[in-house]
Asks: 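To start, I am sharing the structure in question, which I have written as structure tokens.
It should be emphasised that the depicted structure is a prediction, and the values quoted were computed from it without experimental measurement. Position 1 is the first residue of the sequence; numbering continues from there.
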Amino acid sequence: RLARTLDRVLVTTAAVSLFALMAFTFADVVLRYLFARPVRGGLEVVELLMVAMIFSGLPLVSRRDEHVTIDTVESHFPGAVKAALRRVMHAVAAAGLAGAAWLMVRKATTLAEFGDRTQLLGVPIAPFVYFMAALLAVTALVHLAKTFLPGEPGGAGARVV
């Protein structure tokens with residue numbers, strides 16, 4: 001139930017961010033080429049919307065096992081070895097994502113202490129970096145769960161190229 005609610009929130013955040021990015025880009029292009037008046041701070045808006053869209057998608061992709069993977073040696077192993085390799089991969093991913101989340105929290109704290117803002121629009125940067133850290137941590141938890149919970153660690157959604 002919690003996973004479904006989190007999925008809905010993340011899908012909605014990613015979808016709204018993508019739509020806003022699309023609409024904003026359209027408006028910016030129209031204003032730029034028809035009226036020679038680009039949107040002030042357009043790059044900043046695009047960057048912040050990209051943060052929301054990309055980091056909202058990370059836990060979703062991990063939970064659904066929709067990563068792009070390349071099978072170089074895995075197909076030569078029996079099922080039990082493949083499952084063990086996937087669990088190891090999930091453990092490594094969990095550790096890396098947890099480390100990245102910790103570094104992001106440190107960076108966000110520094111940004112908050114100094115009151116850093118975007119250059120043109122003056123939007124505080126720290127909340128976005130805390131958002132990134134939180135979603136990296138959620139993604140780390142997803143991989144940690146796939147490492148230790150019973151069942152096939154690759155899941156039904158795993159794609160092997």
Asks: Can you run down the side chain to side chain donor-acceptor pair (under 3.5 Å) pairs that involve residues 45-59, sequence neighbours left out, and say none if there aren't any?
Replies: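 Sorted result for residues 45-59: empty, none.
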Asks: As an exercise, state the distance from CG of L97 to CG of L135, rounded to the nearest 0.5 Å.
Replies: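 It comes to 11.0 Å.
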Asks: So which heavy atom on Y130 is nearest to which on T109, and how close?
Replies: OH-OG1, 3.1 Å
Asks: Roughly how far, to the nearest 0.5 Å, is CE of M89 from NZ of K146?
Replies: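 K146 NZ to M89 CE: 8.5 Å, rounded to 0.5 Å.
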Asks: Do you know the tightest heavy-atom contact between L121 and E44?
Replies: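 Nearest heavy atoms, L121 then E44: N-OE1, 2.9 Å.
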Asks: Applying a strict under-4.5 Å side-chain criterion to I, L, V, M, F, W and Y, I'd like to know whether V142 and V9 cluster together.
Replies: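 No, V142 and V9 fall in different hydrophobic clusters.
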Asks: Using the rule that Ile, Leu, Val, Met, Phe, Trp and Tyr join whenever any side-chain heavy atoms are under 4.5 Å apart, tell me whether F26 and L31 fall into a single cluster.
Replies: yes
Asks: Search all heavy atoms of L149 against all heavy atoms of R87 and return the closest pair with its distance.
Replies: O-NH1, 3.1 Å
Asks: Kindly indicate whether the side chain of P59, heavy atoms from C-beta on, has any atom under 4.5 Å from the side chain of L10.
Replies: yes
Asks: F128, W102: one ILVMFWY side-chain cluster at the under-4.5 Å cut-off?
Replies: no
Asks: Looking at every heavy atom in both A101 and L136, which two are closest together, and how far apart are they?
Replies: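 Smallest heavy-atom distance, with atoms named: CB-CB, 3.8 Å.
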Asks: Do you reckon Y33 sits in the same ILVMFWY cluster as L43, going by side-chain contacts under 4.5 Å, direct or chained?
Replies: no
Asks: Is there a side-chain contact between L6 and V138, using heavy atoms and a 4.5 Å cut-off?
Replies: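 Yes, side chains in contact.
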Asks: Report whether M50 and F131 are members of the same hydrophobic cluster (ILVMFWY, side-chain heavy atoms less than 4.5 Å apart, transitive linking).
Replies: yes
Asks: Got a second to check how far L111's CG is from M104's CE, nearest 0.5 Å?
Replies: 10.0 Å
Asks: Rounded to the nearest 0.5 Å, what separates atom CG in L144 from atom OG1 in T139?
Replies: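 It is 12.5 Å, given to the nearest 0.5 Å.
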Asks: So, for M53 and L18, which heavy atoms are closest and what is the spacing to 0.1 Å?
Replies: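 Closest heavy-atom pair between M53 and L18: SD-CD1, 3.5 Å.
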Asks: Under a 3.5 Å distance rule, please check whether R32 uses its side chain to pair with a backbone N or O of P38 as donor and acceptor.
Replies: no
Asks: I want to check something: taking the side chain as every heavy atom from C-beta on, are L103 and K107 in contact at a cut-off of under 4.5 Å?
Replies: no
Asks: Taking the side chain as C-beta and beyond, is there a heavy-atom pair between I125 and D116 under 4.5 Å?
Replies: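 Sidechains of D116 and I125: in contact.
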Asks: If you compare all heavy atoms of A140 against all heavy atoms of A98, which two are closest, and at what distance to 0.1 Å?
Replies: CB-N, 3.7 Å
Asks: Between atom OG1 of T147 and atom CZ of R86, what is the distance when rounded to the nearest 0.5 Å?
Replies: 13.0 Å
